[in-house]
Amino acid sequence: MRSSSPPCGDIPWHYQNLRAVDATASRTIYTSWYPEGGADTDLPQLLELIDNMPLAVILMAKIASVTHLSAADLVEEYNRLGTPILGQGLDAENSMDVCIGLSVYSSRMKAHPEAFNLLCTVSMLPTGTSYKMLSRWWASRLRNLTGALDVLKSTSLVEERNSTYFVLPVIQRYILDPSRFKSEVRTSMIETASAFLKQHKPKVGDPSYETHIAALSEEEGNLEAVLLQATATEPGPHIIRDGLLLLARYQQYHRPRVHVIKHALKLA
């Protein structure tokens, strides 16, 4: 069962927490379906891309066994096509999209409309985030965050580890597909990222300097991922400009890099 809510509530179910498949086991699964792929030096990158998820590994290995594409070619195709590549032709009924869709479009999700909005929100946060950040920032507009989070956890669409909530990469890719993703969530996230950066502007000598630095460091990966989704018109030129420049300034002094600045110049 791909859920924490078993059917038939009157049955005394016994739970067994199944650990995630590690890289070694993932490789074994892949090569059992496609032995020739074991010598491919790019195989670890491919398996990491699909998060060592057993069904995804099997479906990818089946593609390789038929097409004889290299792991590098499969990485390129997955980045281009997304989850639809995982289960085509004879495997269509057992595809990754069908598997994920059973949870996304389940009765529990339909009964709580905010759950899908929250799923879109967390899918935009590649490093995951805390309940505190969700309630105060990323998902502060939701009326019933706790209820939405409960639904996502019970349907195994959101995972929790060390008080951090995140979406597995394969599910992220499925949700972020333009045909499903809610554009208004992206707009809200960009606005939130800019507001967060404005509130946490570290100045040397400020008593709150270390607090601001810690907050920015913890969410830097998410802030960058969100702001790099900004376009020239969404949600507004000044909001985008301020957010990108504040993040670029922080990175200039702490983790020098250029892609945020490049994106800002691209939109200028």
Side-chain angles (χ1 to χ4, degrees), residues 19-23 26 44-45 47-53 56 75 78-79 82-83 100 115-142 145 148-149 152-153 156-177 181-182 185-202 210-230 240 243-244 246-264:
R19 293 180 179 274
V21 172
D22 61 21
S26 177
Q45 180 188 355
L47 299 178
E48 182 180 358
L49 185 65
I50 54 178
D51 202 45
N52 299 310
M53 190 178 287
V75 167
Y78 182 76
N79 285 332
T83 54
I100 298 172
F116 187 72
N117 277 27
L118 181 58
L119 180 57
C120 290
T121 296
V122 183
S123 292
M124 285 190 69
L125 305 173
T127 65
T129 195
S130 64
Y131 181 83
K132 179 181 177 180
M133 278 298 300
L134 285 172
S135 62
R136 294 187 180 183
W137 291 97
W138 299 122
S140 62
R141 301 184 186 187
L142 297 187
L145 171 61
L149 196 56
L152 293 180
K153 288 196 65 182
S156 297
L157 290 168
V158 162
E159 305 285 329
E160 179 190 2
R161 188 180 303 149
N162 299 326
S163 299
T164 296
Y165 296 93
F166 62 94
V167 175
L168 294 174
V170 173
I171 300 177
Q172 273 185 6
R173 190 62 189 262
Y174 175 90
I175 296 299
L176 294 176
D177 185 283
F181 189 77
K182 290 190 172 184
V185 172
R186 179 171 53 249
T187 300
S188 173
M189 294 283 280
I190 294 170
E191 292 173 345
T192 298
S194 295
F196 182 86
L197 284 159
K198 284 183 179 180
Q199 183 163 318
H200 295 283
K201 291 192 290 186
E210 293 298 334
T211 300
H212 290 316
I213 290 296
L216 290 169
S217 177
E218 185 174 346
E219 290 293 321
E220 181 185 359
N222 291 330
L223 292 165
E224 182 176 296
V226 169
L227 289 172
L228 289 179
Q229 294 290 317
I240 299 168
L244 287 170
L246 285 169
L247 180 58
R249 183 179 180 184
Y250 165 77
Q251 292 181 338
Q252 176 186 359
Y253 291 104
H254 296 87
R255 295 181 181 86
R257 60 192 70 183
V258 297
H259 44 285
V260 171
I261 295 175
K262 284 183 176 179
H263 191 64

- Message: Quick one, I175 with L157, criterion side chain to side chain contact (heavy atoms under 4.5 Å, CB included). Give me CA distance, side-chain angles, the key distance, then yes/no.
- Response: CA-CA 10 Å; I175 296 299; L157 290 168; 6.0 Å; no
- What pairs with Y165 under side chain to side chain donor-acceptor pair (under 3.5 Å), at least two apart in sequence or on another chain? none
- Would you please name every residue forming a salt bridge (charged side-chain N to carboxylate O under 4.0 Å, His left out) with E220, sequence neighbours left out? R255, R257
- Task: Tell me, please, which residues at least two apart from D177 pass side chain to side chain donor-acceptor pair (under 3.5 Å).
- Result: S179
- Worked verdict on N79 versus R173 for side chain to side chain contact (heavy atoms under 4.5 Å, CB included): CA-CA 9 Å; N79 285 332; R173 190 62 189 262; 4.0 Å; yes
- Item | Expected output: side-chain S140 to main-chain W137 donor-acceptor under 3.5 Å | yes
- Query: With sequence neighbours excluded, what pairs up with T211 under the side-chain contact (heavy atoms from CB on, under 4.5 Å) test?
  - Reply: none
- Query: Side chains of D51 and S26: closer than 4.5 Å at any heavy-atom pair?
  - Reply: no
- Note on the structure: Those residues at least two apart in sequence (or on a different chain) that pass side-chain contact (heavy atoms from CB on, under 4.5 Å) with N162 are none
- Query: With sequence neighbours left out, what residues match K198 under salt bridge (charged side-chain N to carboxylate O under 4.0 Å, His left out)?
  - Reply: D242
- Query: In chain order, what residues pass the salt bridge (charged side-chain N to carboxylate O under 4.0 Å, His left out) check against R249, with sequence neighbours excluded?
  - Reply: none
- Hey, are the side chains of L118 and L134 touching, using non-hydrogen atoms and a 4.5 Å cut-off? yes
- Nearest-0.5 Å distance that lies between atom OG in S217 and atom NE2 in H200: 12.5 Å
Donor-acceptor pairs under 3.5 Å, side chain of residues 121-129 to any protein atom, not counting sequence neighbours: which ones?
{"unit_1": "T121", "atom_1": "OG1", "unit_2": "N117", "atom_2": "O", "d": "3.0"}
{"unit_1": "S123", "atom_1": "OG", "unit_2": "L119", "atom_2": "O", "d": "2.8"}
{"unit_1": "T127", "atom_1": "OG1", "unit_2": "N222", "atom_2": "OD1", "d": "2.9"}
{"unit_1": "T127", "atom_1": "OG1", "unit_2": "N222", "atom_2": "ND2", "d": "3.1"}
{"unit_1": "T129", "atom_1": "OG1", "unit_2": "E219", "atom_2": "OE2", "d": "3.0"}

- Note on the structure: Taking every heavy atom of A248 against every heavy atom of I261, the minimum-distance pair comes out as CB-CG1, 3.7 Å
- Message: Let's go through V170 and T83 carefully: what are the C-alpha distance in whole Å and the side-chain angles of both, what is the deciding distance for side chain to side chain contact (heavy atoms under 4.5 Å, CB included) to 0.1 Å, and is it a yes or a no?
- Response: CA-CA 7 Å; V170 173; T83 54; 3.9 Å; yes
- Query: Can you name the closest pair of heavy atoms from P169 and L49 and give their distance?
  - Reply: CB-O, 4.1 Å
- Query: Does Y250 reach the side chain of L223, with side-chain heavy atoms less than 4.5 Å apart?
  - Reply: no
- Message: If you compare all heavy atoms of S194 against all heavy atoms of L227, which two are closest, and at what distance to 0.1 Å?
- Response: OG-CD2, 3.9 Å
- Where do A230 and I190 come nearest, in terms of heavy atoms and distance? CA-CD1, 3.7 Å
- Can you name the residues that form a side chain to side chain donor-acceptor pair (under 3.5 Å) with H263, not counting sequence neighbours? none
- Would you say E48 has more than 12 foreign heavy atoms packed within less than 6.0 Å of its CD? no
- How would you list, by chain and number, every residue that makes a side chain to side chain donor-acceptor pair (under 3.5 Å) with H254, sequence neighbours excluded? none
- What residues, two or more places apart in sequence or in another chain, satisfy side-chain contact (heavy atoms from CB on, under 4.5 Å) together with P202? Y209, H212, I213, L216
- Message: My understanding is that only residues two or more places apart in sequence, or in another chain, count here; which of them pass side-chain contact (heavy atoms from CB on, under 4.5 Å) with A264?
- Response: L244
- Between E218 and K132, is there a side-chain N and carboxylate O pair less than 4.0 Å apart? no
- Message: Test side chain to side chain contact (heavy atoms under 4.5 Å, CB included) on Q251 and E224; report intermediate values, then the result.
- Response: CA-CA 10 Å; Q251 292 181 338; E224 182 176 296; 2.7 Å; yes
